[in-house]
**Student:** 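Take this structure first; my questions come after.
Below, each value reflects all heavy atoms present in this structure, side chains not excepted, and no hydrogens, waters or symmetry copies. Letters go in sequence order (proteins before strands), and every chain restarts at 1.
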There are 2 protein chains.
Amino acid sequence: MNIGEIARRAGVSRSTVSYALSGKRPVSEDTRRRIQQVVDELGYQPSASARALANGRTSTIGLVFPPAGNHYTGMQLDFIGSVVEAAAACDYDVLLSPSGVDSDRSFQRLLGERRVDGAILMEIRLEDDRADHLARLGFPSVAIGRTAHAEDGWFVGLDHTALAAACVHHLADLGHRRIAFVNRPEQLLRSGYESAHRGLDGFTKAAAERGLTVRTYCCGDDPASGQACLERILHDDPATTGLVTLNEAALGGLYRGLAHAGRHVPRDFSVTGVVANRWAETVTPQLTAADVPAAEMGRLAVDLLVERLGRPEAPPRHHLLVPPISLRASTGPAGA
Amino acid sequence: MNIGEIARRAGVSRSTVSYALSGKRPVSEDTRRRIQQVVDELGYQPSASARALANGRTSTIGLVFPPAGNHYTGMQLDFIGSVVEAAAACDYDVLLSPSGVDSDRSFQRLLGERRVDGAILMEIRLEDDRADHLARLGFPSVAIGRTAHAEDGWFVGLDHTALAAACVHHLADLGHRRIAFVNRPEQLLRSGYESAHRGLDGFTKAAAERGLTVRTYCCGDDPASGQACLERILHDDPATTGLVTLNEAALGGLYRGLAHAGRHVPRDFSVTGVVANRWAETVTPQLTAADVPAAEMGRLAVDLLVERLGRPEAPPRHHLLVPPISLRASTGPAGA
DNA sequence: TAGCTTCGCCGAACCGGTTCGACACAGCCG
DNA sequence: CGGCTGTGTCGAACCGGTTCGGCGAAGCTA
């Protein structure tokens, strides 16, 4: 069931079969038909490995994301799904690599063993050794997220600074004066996790601008931590009337904490943040939030990567998205 | 940066380098060290394509799941994560394939082009053309889920019949007499989706056994559908006091519907079902449910597949899991 | 009909590994 | 010293495709 077998049965040479199938050189209509018939009959499909070896392209892209130790979030799922789908549309397969760092064995397999033509990096940090490594190598990659010095790179990102600021302004406009920020876990913040940093930044600056009293918290990626965090918030400043969060996994816990404390949302307390809309719509009342357009970002990342693969010397491009805040039911005027 | 280059620099033949690295034939300690030094110096790693071509193994497994049209659920994410991680531990990469049916292009790529050594199938249907196809071909695969005639196959599954029945018994023990079943979307049920069928089955049989009055519903995989579904339930039979669900994505909507209808959980209404624990713990009150051990199932599937790849003629093995119901806070005595 | 182009196909080399058979050399025995 | 075993290495073939240069036949012009 290899190309030689096809050639033999069709009474032509191997190269002719190759050309007939790829169309890279003209082949007479007659032979082409004969070959095609044999191919159909035997259900022949060329071996991916052989093809990859011969022409140096694997038709596979790598999707690099951190190991599951830290829970996966819904956002990541949407990324993965949309990346796979967009890649399939461009005739690329997707190889998953659970890699934290550039020295990681799994990461080395992707690159060193040349299993993929390009890579998409998730969970970017401001100083990202994987991104730097790939950039040094000139290896085609696109980041989902934006490093500190991203201006000359390929990425699709969310403007977390602007989004967090928008949330603050939204609360301030409603009259809230004392609000809290619920971030991702401290470990992620310390390791330079992009969204955590920029979100915190945008929150802090905007709050200062509006003269608000704020407290900021890190919170584990799970409901129990969310509940505990909310208790801390109300303990530290019982007069707090609103919060902004980036932590979707903790969201349910935050709501539970509010319910336990007897604070009604949105009458007594407003909640908003940056969250995938599947989560925003799951909680009751539904969350007013900047919806993370994860599916769109995945698609854009693939488009960018495919473009880069097609024209290796193309100048870097990127998409920086600033989705609007979707007004739902979790925020209201302060002191209502 | 290929094996020839290494051989040249180390002053040996290509085959010697190959043997030194693979250890498949003895090489003198002296040459081995010299070769290793050159390898380290140049950071050489053999090309995956070339190796795959030569020895017929790609060291990659395919993870086949349906396209994203239908939302991804949290369970799927946990599967994917644990599969990738378990595979990495066995030195396998994971190739994602968004395939619905066996004639699908993406599915054909995996198999026909021999991109993977084996496959793990998600989202199994009772009559599954992909599973049948692979079985006919003798292609090494493991299903996550159990077809109608699974006894002679490789799979890791959840005993949805038993789990749904356990939920019914739990409610019946608490004194509930009129309960509802909230299934996955009708389209999935019609297409023979395994968990939807067996779950419905287990529910119906157990309810009959206990002499309960029941109604069963299909419900879209999103909160809005869940809310609508709950309204229908209370409209059809206002005396309903409990429900069992398999639909995690709708869960938030079900709760919201109950709140809108003024039914307090668990005082006026009990909710239970089969759900990944990340969801069970997110809602308030936390859901008493059979937690889907998605991560464990992913791991087991990889173990099974690796075993099958290692011994092609091994007899089929499987794991059928029946996780216990985790008592949380969403169920209580009827008429309390 | 000689000479030139065009078309269609073939053979060979190559991609980068793995593996098999053979061979040179050393050490041991009789 | 001849023959025998065992160790370490090499060369060549192979995996299954792609691609390049060239060649023979057909068609056209002079």
**Student:** Could you tell me whether the side chains of Thr58(A) and Asp117(A) share a donor-acceptor contact shorter than 3.5 Å?
**Tutor:**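 Indeed, the side chains of Thr58(A) and Asp117(A) share at least one donor-acceptor pair under 3.5 Å.
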**Student:** What does the B/S/- profile of nucleotides 7-12 of chain C look like, 5' to 3', with a 4.0 Å heavy-atom cutoff to protein?
**Tutor:** -SBBB-
**Student:** Which whole-number value in Å describes the distance from Met1(A) CE to dG16(D) P?
**Tutor:** 8 Å
**Student:** Starting the side chain at C-beta, find the nucleotide from dG17(C), dT18(D), dG16(D) nearest to Ser18(A).
**Tutor:** dT18(D)
**Student:** Report the distance from atom CG of Asn55(A) to atom C1' of dC20(D), rounded to the nearest whole Å.
**Tutor:** 15 Å
**Student:** Rounded off to whole Å, could you give me the CZ-to-P distance for the Arg114(A) and dG16(C) pair?
**Tutor:**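 Rounded to the whole Å, the gap is 7 Å.
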**Student:** Please check if any side-chain donor atom of Asp104(A) sits under 3.5 Å from a side-chain acceptor atom of Gln108(A), or the reverse.
**Tutor:**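 Distance-only check fails for Asp104(A) and Gln108(A).
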**Student:** Would you say Leu321(B) and Pro293(B) make side-chain contact, with heavy atoms under 4.5 Å?
**Tutor:** yes
**Student:** Rounded to the Å, how far apart are Gln45(B) CD and dG16(C) P?
**Tutor:** 15 Å
**Student:** Which heavy atom of Leu126(B) sits nearest a heavy atom of Arg146(B), and at what distance?
**Tutor:**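 Closest pair (atom of Leu126(B), atom of Arg146(B), distance): CD2-O, 4.1 Å.
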**Student:** Could you tell me how far apart Arg51(B) (CZ) and dG16(D) (C1') are, to the nearest whole angstrom?
**Tutor:** 18 Å
**Student:** Classify the ring geometry of Phe107(A) against His133(A): parallel below 30°, tilted from 30° to 60°, perpendicular beyond 60°.
**Tutor:**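 It falls in the tilted class, 30° to 60°.
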**Student:** What is the distance, rounded to the nearest whole Å, between atom CZ of Arg57(B) and atom P of dC15(D)?
**Tutor:**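 Atom-to-atom, Arg57(B) to dC15(D), this comes out as 18 Å.
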**Student:** To the nearest 10 degrees, how far apart in direction are the end axes of the helix from dT1(C)-dA30(D) to dG30(C)-dC1(D), each fit to five base pairs?
**Tutor:**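 So the angle between the two local helix axes works out to 60°.
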**Student:** To the nearest Å, give me how far apart CG (Asn2(B)) and C1' (dG17(C)) are.
**Tutor:** 9 Å
**Student:** Give a yes or no on whether a salt bridge exists between Arg125(B) and Glu127(B), defined as a side-chain N under 4.0 angstrom from a carboxylate O.
**Tutor:** no
**Student:** Could you tell me whether the side chain of Glu123(B) reaches within less than 4.5 Å of the side chain of Tyr193(B), counting heavy atoms only?
**Tutor:** yes
**Student:** For Ser97(A) and Ser106(A), which I'm curious about, is there any donor-acceptor pair between the side chains at under 3.5 Å?
**Tutor:**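 A pair is found: one side chain offers a donor N or O, the other an acceptor, under 3.5 Å apart.
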**Student:** Going by distance alone, is a donor N or O of one side chain under 3.5 Å from an acceptor N or O of the other, for Ser15(B) and Ser18(B)?
**Tutor:**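 The answer is no; no qualifying pair exists.
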**Student:** Verify the contact: side-chain N or O of Lys24(A) to OP1 or OP2 of dT18(D), cut-off strictly under 4.0 Å; return yes or no.
**Tutor:** no
**Student:** In this structure, how many angstroms lie between the C1' atom of dT18(C) and the CG atom of Leu53(A), rounded?
**Tutor:** 12 Å
